[in-house]
Structures are given as C-alpha cells and as structure tokens.
Amino acid sequence: MWKQAQSLFAEEEYEEDSQENLLEEAEGLCSLSPKQRLYGFAACVLAGLVCMFLSTIVFAIPIKFAVLFTFGNLLAVGSTGFLMGATRQLQMMFDSVRIYATAIYIGFVVLALICALWIHSKLLTILAILCEICALIWYSLSYIPFARTVVSKVTIRLFDTEIC
C-alpha cells in the first residue's frame, strides 16, 4: 500500500514537471523578434483598415457592413497585441481605469454581430454600429492621460441645455 502511494506522488510530481517544461517550450515558440512584432502589427492594422474600407462599399447592406466593420475593428484593436503581447494587452484592457470602456466596447461588438447575423434588423444593426464606434472612441481615449475628462467637460459645455 505504501509503495502504491509513493508511486502516485511520484507520478504527480512528474506531471507537474512535464507541464512546467511544456509551458517553457510554448513561451519559447511564441516569442517574436521586434521585427516580427512590427510586421504582425502592420499586417493586422492593414487588414483591419481594408475590412473597414470594404465595409463602406457595402454600406447599403447593413448586415455585411456590420460584419466587415466589426471584424476590421477587432483586427485593428487586436493588432496592438503584437507590440506588447497578448497577455499584457488583456491586462491593460481589463485594468481598473478602462474596464468599463472595454466591457461596453465588447458588449456593443457582440450586440452588432447579434443584430446583423441573428436578428437581421437593419435599423438595430446601424444603431449598434454607431454605439460600437462611440464605445471604441471612448475606449481609445482611455489610453491618453486626461483625454476622457477633457472630452466629458467639452461635451457638457457644448450640449448644456440650461436656460439662464
């Protein structure tokens, strides 16, 4: 009985060691040179811009527009993962400063795709895309220090409806 227990613990240690070695090998395989990172970034940004440009061509068909535009947005936002790494980008996206902006952006991306692909409503798709654009702008402003504060104050001043 004692020998069986020892053999079980030895197998668990072996599995833990093999998992650590596997993770180290995976990190080595996923590491990119700075030049490769720039190429990946440029390729994703270019593909995203092409998708967004093509979406303007099919603007009259809101469902195709929504799919192309949303895919282009995701490619453009995801391209920065090549520069800083996917883990670091996800950490920054879900940082306490921009977690709400990220959640709203992702929510509107999903909503736009649902409206386009399942509901097939042109009006809802256009509204979801407009909200997605606004959410992307707000999310992007979170990377510029004090930008959201300035935009909020300017917006309040421009659209203040108080009658003096």
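Both Phe53 and Leu68 belong to a single network of hydrophobic side chains, linked directly or stepwise wherever heavy atoms of I, L, V, M, F, W or Y lie under 4.5 Å apart. A chain of hydrophobic side-chain contacts below 4.5 Å, direct or via other Ile, Leu, Val, Met, Phe, Trp or Tyr residues, connects Ile137 to Met52. Taken together through direct or relayed side-chain contacts under 4.5 Å among Ile, Leu, Val, Met, Phe, Trp and Tyr, Ile57 and Leu75 form parts of separate hydrophobic clusters. By the rule that hydrophobic residues join a cluster once side-chain heavy atoms approach within less than 4.5 Å of another member, Val50 and Val58 end up as members of one cluster. One hydrophobic cluster, built from ILVMFWY side chains closer than 4.5 Å, holds both Val110 and Trp118.
The closest donor-acceptor contact from the side chain of Arg98 to the backbone of Met92 lies under 3.5 Å. When atom types are taken as modelled, the side chain of Gln89 and the backbone of Val77 share a donor-acceptor pair closer than 3.5 angstrom. Remark: side-chain polar atoms of Arg148 are not paired, donor with acceptor, to backbone N or O of Leu141 under 3.5 angstrom.
The 12-atom threshold is exceeded at OH of Tyr143, counting heavy atoms of other residues, nucleotides or ligands nearer than 6.0 Å.
Phe69 places none of its side-chain heavy atoms less than 4.5 Å from the side chain of Thr56. The side-chain heavy atoms of Asn73 and Val109, taken from C-beta on, include no pair separated by under 4.5 Å. With a 4.5 Å cut-off on side-chain heavy atoms, Leu136 and Ile133 do not count as touching. Looking at Leu38 and Leu83, their side chains come closer than 4.5 Å, going by heavy atoms from C-beta outward. At least one side-chain heavy atom of Thr70 sits less than 4.5 Å from a side-chain heavy atom of Ile129. For the pair Val151/Trp138, a side-chain contact is recorded, criterion being any heavy-atom separation below 4.5 Å from C-beta on.
Phe65 CZ to Ser55 OG: the interatomic distance, rounded to the nearest 0.5 Å, is 4.5 Å. Taking CE of Met84 as the start and CZ of Phe41 as the end, the distance is 9.0 Å to the nearest 0.5 Å. Considering CD1 of Ile99 and CE of Met93, their distance stands at 10.0 Å, rounded to 0.5 Å. In this structure, the separation between OH on Tyr39 and CG on Leu46 is 14.0 Å, given to the nearest 0.5 Å. To the nearest 0.5 Å, atoms CD1 (Ile63) and SG (Cys115) are separated by 10.0 Å. A distance of 10.5 Å separates CG of Leu124 from SG of Cys131, quoted to the nearest 0.5 Å.
Taking both residues in full, the closest heavy atoms of Ala112 and Ala128 are given as CA-CB, 3.6 Å, listed atom of the first, atom of the second, then distance. The two residues Arg37 and Gly85 have their closest heavy-atom pair at NH1-N, 3.8 Å. Smallest separation of non-hydrogen atoms from Cys44 and Ser79: CB-CB, 3.3 Å. Of all non-hydrogen atoms in Pro62 and Thr125, the two that sit nearest each other are O-CG2, 3.6 Å.
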* To do: Any chance you could lay out the side-chain contact (heavy atoms from CB on, under 4.5 Å) test for Tyr139 and Thr102, step after step, and finish with the verdict?
  => CA-CA 6 Å; Tyr139 167 77; Thr102 301; 3.3 Å; yes
* Derivation of the side-chain contact (heavy atoms from CB on, under 4.5 Å) call for Thr87 and Leu90 -> CA-CA 5 Å; Thr87 305; Leu90 288 174; 6.0 Å; no
